[in-house]
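Just so you know, residue 1 is the first one in the sequence shown, and it goes up from there. All values below were derived from every heavy atom in this structure, side-chain atoms included, with hydrogens, water molecules and symmetry-related copies excluded. Order of listing sets the numbers, starting from 1, for every ligand and every atom in it.
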Amino acid sequence: MASLISHPVVPLALAVAVGRGVISVPLLVVGMVFSMVPDLDGVTFRLGIPYGSPFGHRGFSHSIAVALLLALAAVPFSRALKAAPLAVFCFLTISMVSHGVLDASTNAGHRVAFLWPFSAERMFFDFRPIEASPVSLHRFMSGRGLQVLESELMWVWMPAFASAVVGYCFRRMLRAETREPAR
Ligand SMILES: [Zn+2]
């Protein structure tokens with residue numbers, strides 16, 4: 001997996017790029033949680049479910065279908081989330097699917113079951129620059145974590161920051177243009 005602190009960076013960057021008018025703060029918070037939810041499947045280790053099973057790590061919880069379903073389940077709460085139903089659905093879907101995208105970009109671990117339940121095939125991208133994070137916190141803290149964070153800084157945090165800045169500047173530019181008096 002990518003480390004748990006890097007997954008929420010994607011919805012955060014998207015929210016900054018798109019703006020609070022579309023993605024409210026409560027929706028952003030839920031999106032950040034959604035970006036981490038797939039790794040709750042870590043509990044399957046304790047239950048003795050093998051990696052290879054669709055219910056093992058990086059299995060069904062990392063699929064696009066589950067992301068769509070959970071995002072859809074959140075739509076009735078749009079008013080509480082202070083956002084439009086379509087924004088809730090799209091933002092939460094992207095937040096959760098981004099988890100699998102980062103995992104499939106890691107250089108170790110298991111492949112991701114993006115297409116479950118339609119296909120049990122596990123996938124990795126060809127280009128996988130992110131150092132896989134150890135599942136155990138102990139191993140993460142013992143030096144390996146620094147290596148992981150370095151690669152995530154380079155391949156997750158920096159591109160996310162750049163996208164957020166580009167989106168933010170683009171929005172400001174558009175707003176300034178629409179405010180300019182007609183000649
Ligand atoms: Zn994961």
Distance-only donor-acceptor pairs under 3.5 Å for side chains of residues 86-97, two or more places apart:
| residue | atom | partner | partner atom | Å |
| --- | --- | --- | --- | --- |
| Thr93 | OG1 | Phe89 | O | 2.7 |
| Ser95 | OG | Phe91 | O | 2.7 |

Under 6.0 Å from the OH atom of Tyr168, do we count more than 12 heavy atoms belonging to anything else shown? no

Once rounded to 10°, what is the value of the angle centred on the Zn ion (ligand 1) between Asp39 OD1 and His99 NE2? 90°

In a table with atom names and distances, give each donor-acceptor pair under 3.5 Å that connects a side chain of residues 18-30 to protein atoms at least two apart or in another chain.
| residue | atom | partner | partner atom | Å |
| --- | --- | --- | --- | --- |
| Ser24 | OG | Leu27 | N | 3.2 |
| Ser24 | OG | Leu81 | O | 2.4 |

Under 3.5 Å, is there a donor-acceptor pair between the side chain of Arg58 and the main chain of Arg122? no

Is there an N/O/S atom in His62 that lies less than 2.8 Å from the Zn ion (ligand 1)? yes

Closer than 2.8 Å to the Zn ion (ligand 1), do we get an N, O or S atom from Asp41, backbone or side chain? no

Considering just N/O/S atoms, say which atom of Asp103 is closest to the Zn ion (ligand 1). OD2

